[in-house]
J.: 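The structure follows.
Residue numbers begin at 1 in each chain, while the letters A, B, ... track the order of the sequences. If you're wondering where the values come from, they're calculated on a predicted model, not measured in any experiment.
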Amino acid sequence: AQSVSQHNHHVILSEAASLELGCNYSYGGTVNLFWYVQYPGQHLQLLLKYFSGDPLVKGIKGFEAEFIKSKFSFNLRKPSVQWSDTAEYFCAVNVGGADGLTFGKGTHLIIQP
Amino acid sequence: DTGVSQNPRHKITKRGQNVTFRCDPISEHNRLYWYRQTLGQGPEFLTYFQNEAQLEKSRLLSDRFSAERPKGSFSTLEIQRTEQGDSAMYLCASSLPILAGDRNEQFFGPGTRLTVL
């Protein structure tokens with residue numbers, strides 16, 4: 001079974017700082033990779049996804065992620081964060097497309113104005 | 001609002017009681033998923049349906065948990081003889097058929113928060 005590891009459980013940054021959140025997965029085959037975000041009081045929503053092709057994927061609100069197959073990683077990045085990026089971020093993976101997602105434990109990101 | 005809806009949003013029950021939650025997916029989505037999320041953890045996949053067929057149920061936490069989707073539209077998740085350890089947020093998600101593209105982008109509902117006293 002696959003698993004997902006998110007290295008940072010709590011991250012505090014100042015506005016305009018650059019962001020990188022780590023995500024590693026364990027599975028030797030083809031995977032689909034996702035980053036979801038949960039803003040305070042809201043439900044989970046998709047930030048970006050990778051299925052195949054260009055390993056650098058761009059999502060909403062200026063976020064991007066890079067799939068590095070050799071490192072089993074799918075790190076999330078944003079060059080300049082805003083106060084409104086304060087949220088919980090979850091990395092997720094699934095195999096075969098149809099099955100449920102396996103999530104990491106999440107990273108709680110706080111942006112200080 | 002055309003997103004995934006879940007009812008009730010909050011449920012408080014006493015240990016040993018049965019509870020049932022409802023999920024209404026986005027109308028054109030034929031796949032429906034149930035997850036459980038406890039404090040400090042990411043969502044944990046429980047089961048999913050394609051139309052009315054339950055294609056995966058080995059991840060249901062115990063035989064006290066069951067789910068149905070009788071007409072391929074809304075779904076219910078039932079927990080029998082609730083225990084305090086069942087206290088969690090129960091999330092529902094739905095997605096388009098895979099052949100429609102955007103493979104398995106799942107859209108989540110707001111969840112039902114269960115508290116077992």
J.: In terms of hydrophobic clustering (I, L, V, M, F, W, Y; side-chain heavy atoms under 4.5 Å; direct or indirect links), are B:Leu39 and A:Tyr89 co-clustered?
T.: no

J.: Using non-hydrogen atoms and a limit below 4.5 Å, what part of residues 60-71 of chain B faces chain A?
T.: none

J.: Among the clusters formed by ILVMFWY side chains lying less than 4.5 Å apart, do B:Phe74 and B:Leu91 turn up in the same one?
T.: no

J.: Enumerate by number any residue of residues 109-117 of chain B whose heavy atoms lie under 4.5 Å from heavy atoms of chain A; in the absence of such residues, state 'none'.
T.: B:Gly109, B:Pro110

J.: Is there a path of hydrophobic side-chain contacts, each under 4.5 Å between heavy atoms of I, L, V, M, F, W or Y residues, that connects B:Ile79 with B:Phe45?
T.: no

J.: Donor-acceptor pair, B:Tyr35 side chain versus A:Leu101 backbone, under 3.5 Å?
T.: yes

J.: Heavy-atom cut-off 4.5 Å, strictly under: side chain, backbone, both or neither for B:Gln41 against chain A?
T.: both

J.: Shared ILVMFWY cluster between A:Leu21 and A:Ile111, side chains joined below 4.5 angstrom?
T.: yes

J.: Sort out for me which of A:Leu44, A:Val4, A:Thr102 touches chain B most, counting heavy-atom pairs under 4.5 Å.
T.: A:Leu44

J.: Do B:Tyr33 and B:Leu46 sit in one hydrophobic cluster, given that two such residues count as connected whenever their side-chain heavy atoms are within less than 4.5 Å of each other, even indirectly?
T.: no

J.: Quick check on B:Gln37 against chain A: is it the side chain, the backbone, both or neither that has a heavy atom closer than 4.5 Å?
T.: side chain

J.: Quick check: closest heavy atoms across B:Glu56 and A:Asp99, and the distance to 0.1 Å?
T.: CG-OD1, 4.2 Å

J.: Indicate the atoms forming the closest heavy-atom contact of B:Glu105 with A:Phe34, along with that distance.
T.: CA-CE2, 4.5 Å

J.: Measure distances from B:Leu55 to the heavy atoms of chain A and classify the residue's part below 4.5 Å as side chain, backbone, both or neither.
T.: neither

J.: Report the distance from atom NE2 of A:His43 to atom CZ of B:Phe107, rounding to the nearest 0.5 Å.
T.: 10.0 Å

J.: Taking atom CD1 as the centre, does B:Ile12 end up with more than 12 heavy-atom neighbours from other residues, nucleotides or ligands that are less than 6.0 angstrom away?
T.: no

